[in-house]
Amino acid sequence: MRVLVTSFAMDAHFNGMVPLAWALRTAGHEVRVASQPALTPSIARAGLTAVPVGDDHQVERVMAAAAPGVFALHQNPDYLEGRPELLDLDFLESSTTMLTAMFYAQINNDTMVDEMVAFSRWWRPDLVIWEPFTFAGAVAAHVTGAAHARLLWGPDLFLQVYQRFQRLLAPLPAELRDDAVRDWLTWTLGRHGAEFSPEVVTGHWTIDQMPASVRFELDQPLVPMRYIPYNGPLPAVVPLWSRTDPDRPRVCVTGGMTERTTGFSGLDAVAELLEAIAELDVEVIATVKTGERMRPLPGNVRVVDSVPLHVVLPSCDAVVHHGGAGTWASAALYGVPQLALAWQWDDVFRALRLEKLGAGRYLPPGPARQASAVRDGLAHLLEDSSFRAGAAKIREEMLDCPTPNEVVPALEDLTAAHRGAPSGIPAGTASARR
Amino acid sequence: MPTTPQTLPPTSVTPSELGRHLLTIRGFHFVLGALGDPYARLLRGEGDDSAALGDEIRRAGPLFRSHLGTCVTASGEAAAALLRDPRLDTRHPGGDRAHLGENLWETWRTCHVTPMDDALLTLPLADYRRLDRVNRPVLGPVTAGAWRDDVRRAAGRVADRAGETFDLVADLVRPAVAASLSRVLGLSGPAGPHAGPRVSGPFDFDAGSGANGLRRQGPRTETSDLRTEGPRTQASDLRREEGEGVLLGEGPGAGDPGPAERELAELLPRLGVALDAVLCPPRLPVVRDLEEAVARARVLVHDLVTARAAEPGDDAVSAMLATGLGEADVAAVCLLHLVAGAEIAAATAADAIVALLDHPGQWAAVCRSPELAADAVEETLRWSPPVRLVSRTAQEPLAMHGQDIDADAHVVIVVDAANRDLAGVADPDRFDLAHAGAPSLSLTGGGPEELVAPLARVVATEIVRAAADRWPGLRADGAVVRRMRSPVVRAVVRLPLCR
């Protein structure tokens with residue numbers, strides 16, 4: 001098969017796709033990875049074949065202006081804590097409008113979509129696998145008749161909420177249905193001579209890397225897949241200090257990949273936090289940006305610029321992090337109890353699942369996050385062995401999922417079942433100008 | 001003196017670019033709305049109590065600065081001053097009102113949201129004053145009443161067709177407005193010479209300048225002469241080719257609407273979104289449909305004026321042509337009555353009936369004394385105006401209540417909130433026929449809404465009266481549904497009624 005893999009240009013969203021891309025490659029399939037030019041170096045470092053499409057997106061600039069309002073709305077606890085049945089039409093319309101205007105239509109800029117469609121018309125992929133916000137992949141697949149699937153990096157909050165939105169819109173008369181993501185995809189598809197179809201939002205099926213107890217049942221074809229940690233574009237090197245067992249409990253403190261590359265962080269006042277944690281009888285491995293001004297830290301704190309999580313986590317007794325998808329999933333895979341300082345999106349939902357499953361703690365923003373509170377929370381995590389047992393259960397669930405290699409035959413079958421005729425009008429006959 | 005220097009270059013804008021522009025502004029409204037900006041919340045057009053938002057804006061002072069960059073007033077005193085301030089006008093200094101190609105992240109210009117030049121809603125205020133020289137002798141504050149008997153008969157015929165249960169908007173208000181305008185403007189009058197293929201030259205009614213507004217542009221073999229450019233009028237061209245275009249002269253029978261009236265009834269609701277689209281981005285298909293409807297209305301008006309110029313009838317167009325002020329200006333005035341007047345009349349009539357049915361004692365009073373319909377309309381205009389937000393741009397710097405408004409600043413007057421803040425009204429938040437004669441800023445300010453107001457008042461009043469004359473037991477049989485993205489008009493689109 002020819003398989004087009006695509007993520008908008010952001011490492012944290014692309015990293016989770018690399019192991020499956022390689023599994024398809026080693027199964028003998030042709031694999032290309034399309035994204036804006038800014039992701040080309042990361043695709044190349046992953047050893048994959050890049051197809052730069054369009055201009056770079058400007059989402060950081062847009063969100064610099066829009067983020068306060070976007071976050072203000074999405075602090076709704078029913079959203080963060082996964083209770084979509086309590087979300088009303090006003091919230092859902094607001095959320096969909098904002099995210100479409102400020103995020104989806106930004107990270108899927110017109111030139112990126114158009115060049116991905118053009119590439120797909122020429123290369124004729126059998127299957128397009130898209131990061132769940134990279135609707136450009138769905139558009140390219142829909143226009144060219146390829147089968148297409150979303151590859152999730154976290155619990156499917158997006159689709160859960162979107163399905164709730166659709167259920168509330170359905171009884172309304174057509175002229176009162178205000179679905180911004182559908183409108184945007186309608187004119188985007190129209191540019192290429194194709195009509196909107198609900199699969200452009202949902203994919204023909206979904207590949208889900210979450211353990212079963214963190215997954216939603218959403219009445220959509222689902223292919224579970226084991227999460228395989230990939231370290232991202234940073235070199236994965238095993239440091240000397242990590243080649244022996246620690247003589248005390250080891251704790252990893254990390255802000256993840258996204259903290260390194262964007263302004264978003266759940267970890268405030270890092271030095272103070274590290275000092276407080278170091279009061280415990282533990283060895284602390286802290287991955288924080290070098291160059292960040294740090295006062296001298298206690299001797300049991302080792303600050304490293306970066307370390308591959310799959311190298312260090314198996315030797316850790318606990319991890320303190322910002323709640324991000326990759327960090328959460330890596331810790332879950334190695335059965336490490338987690339202290340999640342999450343504050344946005346799916347991060348909060350995943351952190352709360354840790355509490356429910358007895359595999360970690362969620363410290364909400366506010367006083368619960370003072371350095372001393374984090375220290376006490378961590379001490380609890382280390383002292384109570386039930387957290388280790390809870391984490392081990394999640395690890396078992398993840399190991400029960402088929403590996404990317406084992407998933408490939410299912411993807412081949414699904415592709416054969418869903419591949420169809422192109423629905424778009426070939427370039428040149430569709431007039432986008434009016 | 002051309003009044004419209006050049007229309008926008010629509011051929012340079014793709015549907016995707018227009019869609020993205022509208023989506024971005026809609027996004028701004030939601031993002032700032034989520035942070036509590038009451039003006040942004042107002043512009044979202046739904047999900048909020050607009051009266052409460054008006055109060056919130058007023059509490060922030062006579063001039064509230066929205067994070068959108070707009071200076072907003074909900075204060076009666078400030079609104080009255082701004083509405084008559086000659087330093088405010090409809091366009092930016094220099095005439096700009098086209099923001100489609102701009103990077104909104106740099107300009108943050110959320111005024112002139114949808115291009116509205118073809119609908120004549122962004123003419124300089126001086127042009128509306130000029131057009132009113134044509135309008136005033138025939139459809140002005142003093143003269144519009146002369147059409148009352150015609151409007152009463154037209155609205156009455158529509159009301160007589162209503163069944164035991166019917167919809168306020170679809171079965172009464174919209175068809176009655178169409179029937180009234182059709183009669184007053186003479187769309188159902190005598191046939192013109194154009195009933196077959198025409199070869200007369202078109203005129204440019206955007207550029208009308210008195211008696212010489214008629215501009216011959218050579219022989220004409222197509223019907224799409226009034227289009228600005230591009231395929232935006234294609235749909236209407238197609239329809240005309242299919243034989244639907246020639247409507248004049250097919251007057252209505254005794255009860256049923258004629259084809260002109262039916263076409264108008266279909267066209268007017270599509271045109272109605274124009275008043276909202278100035279400030280609130282519609283969905284892309286709605287804008288495309290509006291563009292098509294405006295193009296169609298321009299053809300309709302052109303044909304009408306040409307026909308009446310050749311063969312006058314007992315209608316307002318013929319009377320306006322008799323002023324000798326030029327066919328182009330007459331056509332422009334007609335277009336404004338279709339684009340703005342019809343929506344204002346429909347919104348006022350619908351809101352009046354909704355308010356009266358919510359206050360059964362007042363409905364009973366109007367039914368006992370149908371002449372109170374005029375008071376009901378005036379109170380509706382004060383309490384629930386059909387144009388709630390008036391958009392202006394400062395042509396030069398000005399100061400107001402100690403605050404500076406920069407040149408080029410966007411200024412918006414929240415008319416409904418301002419009306420409730422005017423001195424001399426007892427219990428201003430209450431809908432009350434006893435408020436008759438209370439001060440109101442509705443449909444003032446010298447824009448298109450003021451020009452069309454006298455006829456719209458007559459039409460709205462006669463629709464309310466037609467209902468009150470016939471159905472004292474009228475009651476709502478469901479909930480009021482308002483159009484989405486309608487912060488300016490808050491148009492009622494549905495209310496099932498039982499008579």
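Chain letters run A, B, ... following the sequence lines, proteins first, then strands; residues in each count from 1.
Checking each of B/Arg26, B/Arg44, B/Arg485 against A/Glu93 for a salt bridge (Lys or Arg N to Asp or Glu O under 4.0 Å) leaves exactly one that passes, namely B/Arg26.
Between A/Trp187 and B/Glu17 there is no side-chain heavy-atom pair separated by less than 4.5 Å. In this structure the side chain of B/Leu284 never reaches within 4.5 angstrom of the side chain of A/Asp183, judged on heavy atoms. The shortest distance between side-chain heavy atoms of B/Thr14 and A/Arg191 does not fall below 4.5 Å.
Only the side chain of A/Ala72 comes within contact range of chain B, judged by heavy atoms closer than 4.5 Å. For chain B, the nearby parts of A/Ala66 are the backbone and the side chain; heavy atoms of each come within less than 4.5 Å. Proximity to chain A is limited to the side chain of B/Val481, based on heavy atoms less than 4.5 angstrom apart.
The nearest pair of heavy atoms linking B/Gly27 to A/Met102 is C-CE, 3.3 Å. In terms of heavy-atom proximity, A/Ala105 sits nearest to B/Leu23 at CB-CD2, 3.9 Å. When all heavy atoms of B/Trp105 and A/Ala65 are compared, the closest pair comes out as CZ3-CB, 4.0 Å.
Within 6.0 Å of NE2 on A/His74 lie more than 12 heavy atoms contributed by other residues, nucleotides or ligands. Within 6.0 Å of the CD atom in A/Glu195, the count of heavy atoms belonging to other residues, nucleotides or ligands does not exceed 12. For CZ of A/Arg182, the number of neighbouring non-hydrogen atoms (other residues, nucleotides, ligands) closer than 6.0 Å is 12 at most.
Top candidate by heavy-atom pairs under 4.5 Å with chain B, chosen from A/Asp88, A/Asp90, A/Asp178, A/Thr100, is A/Asp178. Ranked by heavy-atom pairs under 4.5 Å with chain B, the first of A/Val70, A/Asp110, A/Leu73, A/Leu99 is A/Asp110. For the options B/Arg20, B/Arg483, B/Arg283, heavy-atom pairs under 4.5 Å to chain A are most numerous at B/Arg20.
Within the model, atoms CZ of A/Arg61 and CG of B/Asn103 stand 5.0 Å from one another, a figure rounded to the nearest 0.5 Å.
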